[in-house]
Amino acid sequence: VRAGAEIYLLPLGYVLESFRVGEEELKIVNGKEELVYARREWLPVVRLHRQLGITCCSRTAYATLVILECGIRRCALLVDEIIGQQQVVLKSLGAATPDVKCVAGGTILGDGRVALVIDVAGLLATALR
């Protein structure tokens, strides 16, 4: 997926589905929490760019959502774009980056760019507390 100008990878085992909705379908509760109705339930919307502290560069009338599930936790991850699916080799970032939250490791894409792999369990634990 793309968030801002960067590419991030989501392990497919956590992905239930992806879809687009109109921004008006995202509901704000208690003045801050966003929810979307999907899969017969209200799911919290987690904006990937906010969790990673990056600038969002897409402004459209539609939101691209990826439904993630880890254990009993589910969320709708809002991203700028879904790029596709591919197999990659995950490389640990090692002990040199212990404070990097929500990232399981990295990989080098076929075009030579580096992409970070999202730690879905960590993302959900951080975003849904």
Side-chain angles (χ1 to χ4, degrees):
V1 299
R2 183 179 60 78
E6 301 298 323
I7 304 297
Y8 298 92
L9 304 176
L10 298 170
L12 199 54
Y14 296 104
V15 176
L16 296 179
E17 69 179 291
S18 62
F19 57 96
R20 292 178 61 151
V21 296
E23 286 282 344
E24 72 279 354
E25 294 179 66
L26 301 178
K27 304 298 179 197
I28 296 178
V29 179
N30 296 329
K32 63 178 183 169
E33 185 178 9
E34 285 182 285
L35 300 173
V36 66
Y37 193 73
R39 295 187 150 246
R40 298 183 181 159
E41 65 180 313
W42 287 97
L43 296 173
V45 174
V46 175
R47 293 180 179 257
L48 184 58
H49 69 279
R50 284 188 189 152
Q51 290 300 311
L52 299 176
I54 58 175
T55 303
C56 177
C57 59
S58 292
R59 294 282 182 233
T60 65
Y62 294 94
T64 302
L65 299 171
V66 179
I67 304 297
L68 300 176
E69 180 179 59
C70 181
I72 61 169
R73 292 182 164 170
R74 283 188 184 171
C75 80
L77 184 68
L78 191 144
V79 298
D80 290 326
E81 178 184 14
I82 297 172
I83 296 172
Q85 179 180 330
Q86 63 180 291
Q87 290 185 355
V88 298
V89 175
L90 174 65
K91 180 71 176 163
S92 171
L93 296 177
T97 55
D99 294 332
V100 178
K101 294 182 174 129
C102 305
V103 174
T107 193
I108 299 175
L109 301 174
D111 61 5
R113 291 182 294 169
V114 174
L116 296 177
V117 178
I118 299 298
D119 171 15
V120 174
L123 176 76
L124 291 176
T126 301
L128 301 180
R129 14 180 163 150

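Bear in mind that the values here come from a model prediction, so they are computed numbers and not experimental data.
In Ile108, the CD1 atom is not crowded: 12 or fewer heavy atoms of neighbouring residues, nucleotides or ligands sit closer than 6.0 Å. Surrounding CG of Asp111 are more than 12 heavy atoms belonging to other residues, nucleotides or ligands, all under 6.0 Å away. Within 6.0 Å of CD in Gln85 there are 12 or fewer heavy atoms belonging to other residues, nucleotides or ligands.
In the hydrophobic clustering of this structure, Ile67 does not group with Val79; members are Ile, Leu, Val, Met, Phe, Trp, Tyr whose side-chain heavy atoms approach within less than 4.5 Å, directly or through other members. Residues Leu78 and Ile118 fall into different hydrophobic clusters, defined by Ile, Leu, Val, Met, Phe, Trp and Tyr side chains chained together at heavy-atom separations under 4.5 Å. Tyr14 is connected to Leu116 through a chain of hydrophobic side-chain contacts under 4.5 Å among Ile, Leu, Val, Met, Phe, Trp and Tyr, so both are in one cluster. One hydrophobic cluster, built from ILVMFWY side chains closer than 4.5 Å, cannot hold both Val114 and Val88; they sit in different ones. Put simply, Leu43 and Tyr62 are part of two different groups of oily side chains (I, L, V, M, F, W, Y) that touch within less than 4.5 Å, one to the next.
Under the side-chain contact (heavy atoms from CB on, under 4.5 Å) test applied with Leu123, the options Val103, Leu128, Leu77 reduce to a single match, Leu77. When each of Leu48, Val15, Val117 is paired with Leu10, the side-chain contact (heavy atoms from CB on, under 4.5 Å) condition holds for Val15 and for no other.
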*Applying side chain to side chain contact (heavy atoms under 4.5 Å, CB included), run through Trp42 and Val29 and close with a yes or a no.*
CA-CA 11 Å; Trp42 287 97; Val29 179; over 6 Å; no

*Yes or no on side chain to side chain contact (heavy atoms under 4.5 Å, CB included) for Leu16 and Arg74, after CA distance, side-chain angles and deciding distance?*
CA-CA 9 Å; Leu16 296 179; Arg74 283 188 184 171; 3.7 Å; yes

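Here CG of Leu9 is found 6.5 Å from OG1 of Thr107. Values are rounded to the nearest 0.5 Å. To the nearest 0.5 Å, atom OG of residue Ser18 and atom CD1 of residue Ile82 are 3.5 Å apart. The CD atom of Glu34 sits 7.5 Å away from atom CD of Glu23, with the distance rounded to the nearest 0.5 Å.
Annotation for Tyr8 and Ala3: closest pair CE1-O, 3.7 Å, computed over non-hydrogen atoms. Across every non-hydrogen atom of Gln51 and Val46, the tightest pair is CG-CG1, 3.5 Å. Scanning all heavy atoms of the two residues, the minimum distance from Pro44 to Leu35 falls at CA-CD2, 3.6 Å. Residues Thr64 and Arg20 approach most closely at OG1-CG, 3.8 Å, considering heavy atoms.
Side-chain contact check for Glu25 versus Leu65: every heavy-atom pair is 4.5 Å or farther apart. At a threshold of 4.5 Å between non-hydrogen side-chain atoms, the residues Lys91 and Val89 do not count as touching.
When atom types are taken as modelled, the side chain of Ser92 and the backbone of Gly105 share no donor-acceptor pair closer than 3.5 angstrom. A donor-acceptor distance shorter than 3.5 angstrom exists from the side chain of Arg2 to the backbone of Gly4, with no hydrogens or angles considered.
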